[in-house]
Amino acid sequence: MRVVTAIDSLKGSLSSMEAGSAVREGILRACAEAEVEIRPLADGGEGTVEALVGGMNGEIQRVTVTGPLGKPVTCEYGIIEDTKTAIIEMSGAAGITLLAPKERNPLHTTTYGVGEVIRDAIEKGCRRFIVGIGGSATNDGGIGMLQALGFDFLNAAGEQVRYGAEGLSELVSVSADHVIPGLAECEFKVACDVTNVLCGEQGSSAVYGPQKGATPSMIIQMDEWLGRYASLAQKSFPKADPMYPGTGAAGGLGFAFLTFTNAVLESGIRIVLEETRLEDYVKEADLVITGEGRLDGQTAMGKAPVGVAELAKKYGKPVIAFAGSVTKDARACNEKGIDAFFPILRGVTTLDEAMEPQNARANMADTAEQVFRLIHAFRG
């Protein structure tokens, strides 16, 4: 029996590859002759660097960059040497989790560090980039990132504007005269699962500003500033389209990528499935296993396990999911290609005990073993 596992990380507990390894351990106890292939899985958000680096023979890089409020932070990203691909999560340099709630203020938070990470990867030879842009603390339209890459965003005095959304209020000119060498050769796949435009009622300021610390008056200001920024960009950069779906992602970082770099916005799970070539493994498998920390109704709306299931059903493969916990509305996953799902908890426990990595690994392996004992019995 050929089995492919592609399980999203159980955040705070097991990585994607660790979860797959635990499932393989349980399968082999029940069916020693099984061939189990472990593939990484992520959705472009938290855990993408860890999953792709761990599953594609990459290496973790660490670089000190400018954090969201200008203080240095250490950001980890990955490089897949074979393809000179950098795997970056913008939240590692400009994420909201890097700030205490009282520190959150999109007038001041910057994406400058994201550009520094990209620049570091370019200097190390990377020309392909996969960038997850979820979890940002920023609303600067991506100008901080672009300044770090050599773009000029100038005020009336001919100086670079300040960090954060307030820098947009000073902006009078935009140019690419001093962009760093190598950027023109780079291709960016940007993991983006939102369709918000840059400005307006469904724009980045109105929809995501409050969670980043914006007051109602700040939201009105930032929306106006982003609109002027887009108008300035359109004068010299023909790709600028603030109404394109996803341009409002990460406080306008989606707009920055699409306008100023060679980038495409794609579903995070689609990017991961393509990069890991999961389809090549699935079509040769007898059974596909997926899962995540919590299987629920949101999973059925397009999260990573359903992406795996849809791919498996393209080839008529049965799909099983394992999860740390499941909810009543997880039944919707059955309609999305997951034939059966199983919670791995083995008894009454606290959340901390359940998430302890050693316990989670044992629970995952034990559950997989029992499921495959049944499968093995039916197969004879």
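The structure displayed is predicted, hence computed values, not measured ones.
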Contact summary for Val326 and Ala323, nearest pair of heavy atoms: CG1-CB, 4.1 Å
Gln370 CD to Ile344 CD1 distance, which is reported to the nearest 0.5 Å: 14.0 Å
4.5 Å side-chain heavy-atom contact, Arg119 and Leu149: yes
Glu50 side chain to Ser9 side chain, donor-acceptor N/O pair below 3.5 angstrom: no
Atom CD of Gln202: over 12 foreign heavy atoms under 6.0 Å: no
salt_bridge(Arg373, Glu369) N-O dist < 4.0 Å: yes
Side-chain donor-acceptor pair present, Thr327, Asp329, cut-off under 3.5 Å: yes
Spacing of Asn359 atom CG and Leu14 atom CG [to the nearest 0.5 Å]: 10.0 Å
Carboxylate-amine/guanidinium proximity below 4.0 Å for Glu170 and Arg162: yes
Parallel, tilted or perpendicular, as decided by the 30° and 60° cut-offs, for the rings of Tyr163 and Tyr112: tilted
Between CD1 on residue Ile338 and CD on residue Glu310, distance to nearest 0.5 Å: 9.5 Å
Pair Phe129-Thr261, side-chain contact (heavy atoms from CB on, under 4.5 Å): steps then yes or no: CA-CA 11 Å; Phe129 289 79; Thr261 72; over 6 Å; no
Ion pair Lys84/Glu81, N-O distance below 4.0 Å: yes
Residue pair Phe188, Leu183: steps toward the side-chain contact (heavy atoms from CB on, under 4.5 Å) verdict: CA-CA 10 Å; Phe188 295 87; Leu183 183 64; 3.9 Å; yes
Minimum heavy-atom distance Gly251-Ser136, with the two atoms named: N-OG, 4.1 Å
Atom pair OG1 (Thr138) and CD1 (Ile133), whose distance is rounded to the nearest 0.5 Å: 9.5 Å
Pair Asp339 + Lys313, salt bridge at N-O below 4.0 Å: yes
Main-chain N/O of Phe153 paired with Gln160 side-chain donor or acceptor, under 3.5 Å: yes
Derivation and outcome, side-chain contact (heavy atoms from CB on, under 4.5 Å), residues Leu226 and Phe255: CA-CA 10 Å; Leu226 284 170; Phe255 176 80; over 6 Å; no
Short side-chain donor-acceptor distance under 3.5 Å, Thr66 and Glu116: yes
Check: His376 and Glu33 side chains under 4.5 Å, non-hydrogen atoms: yes
salt_bridge(Glu46, Lys11) N-O dist < 4.0 Å: no
Co-members of the apolar cluster containing Val172 [side chain, <4.5 Å]: none
Heavy-atom pair with the smallest gap, counting every atom of Thr5 and Gly20: OG1-CA, 3.7 Å
Lys/Arg-Asp/Glu bridge criterion (N-O < 4.0 Å) met for Glu275, Arg128: yes
Tyr208 with Leu253, same ILVMFWY side-chain cluster at under 4.5 Å: no
Heavy-atom closest contact (Asp296 atom, Cys333 atom, distance): O-SG, 3.7 Å
Cluster check Met222, Val197: I/L/V/M/F/W/Y, side chain < 4.5 angstrom: no
Side-chain ion pair, Arg228 and Glu224, N-O less than 4.0 Å: no
Close side-chain approach of Asn196 and Ser204, heavy atoms under 4.5 Å: no
Separation between CG of Asn139 and OG1 of Thr111, rounded to the nearest 0.5 Å: 10.5 Å
Pair Glu279, Tyr315: side-chain N/O donor-acceptor within cut-off below 3.5 Å: yes
Arg127, CZ atom: more than 12 neighbouring heavy atoms under 6.0 Å: yes
Co-members of the apolar cluster containing Ile271 [side chain, <4.5 Å]: Val49, Leu52, Val53, Met56, Ile60, Ile80, Ile87, Ile130, Val272
Whether Phe322 and Phe342 hold their rings parallel, tilted or perpendicular, with breakpoints at 30° and 60°: tilted
Full working for side-chain contact (heavy atoms from CB on, under 4.5 Å) between Val319 and Thr290: CA-CA 7 Å; Val319 180; Thr290 188; 4.0 Å; yes
In one Ile/Leu/Val/Met/Phe/Trp/Tyr side-chain cluster, 4.5 Å: Tyr281, Ile38: no
Test item: Pro68 and Glu103 side chains (from C-beta on) under 4.5 Å apart, heavy atoms: no
Remaining members of the apolar cluster that contains Leu98, side-chain heavy atoms under 4.5 Å: none
Glu201, CD atom: more than 12 neighbouring heavy atoms under 6.0 Å: no
Contact check, side chains of Glu292 and Thr299, non-hydrogen atoms, under 4.5 Å: yes
Over all atoms of both residues, closest heavy-atom pair of Glu18 and Arg361: O-NH1, 3.5 Å
Over 12 foreign heavy atoms within 6.0 Å of CZ, Arg29: yes
Within one Ile-Leu-Val-Met-Phe-Trp-Tyr cluster: Leu168 and Val161, side-chain cutoff 4.5 Å: yes
Note, Val3 side chain near Val23 side chain (heavy atom, < 4.5 Å): no
Point-to-point distance, once rounded to the nearest 0.5 Å, from CZ of Arg24 to CD1 of Ile289: 12.0 Å
Other residues, nucleotides, ligands: >12 heavy atoms within 6.0 Å of Asp280 CG: yes
Shared hydrophobic cluster, Phe260 / Leu154 (ILVMFWY, side-chain heavy atoms < 4.5 Å): no
Closest non-hydrogen atom pair between Ala86 and Ala121, with its separation: CB-CB, 3.8 Å
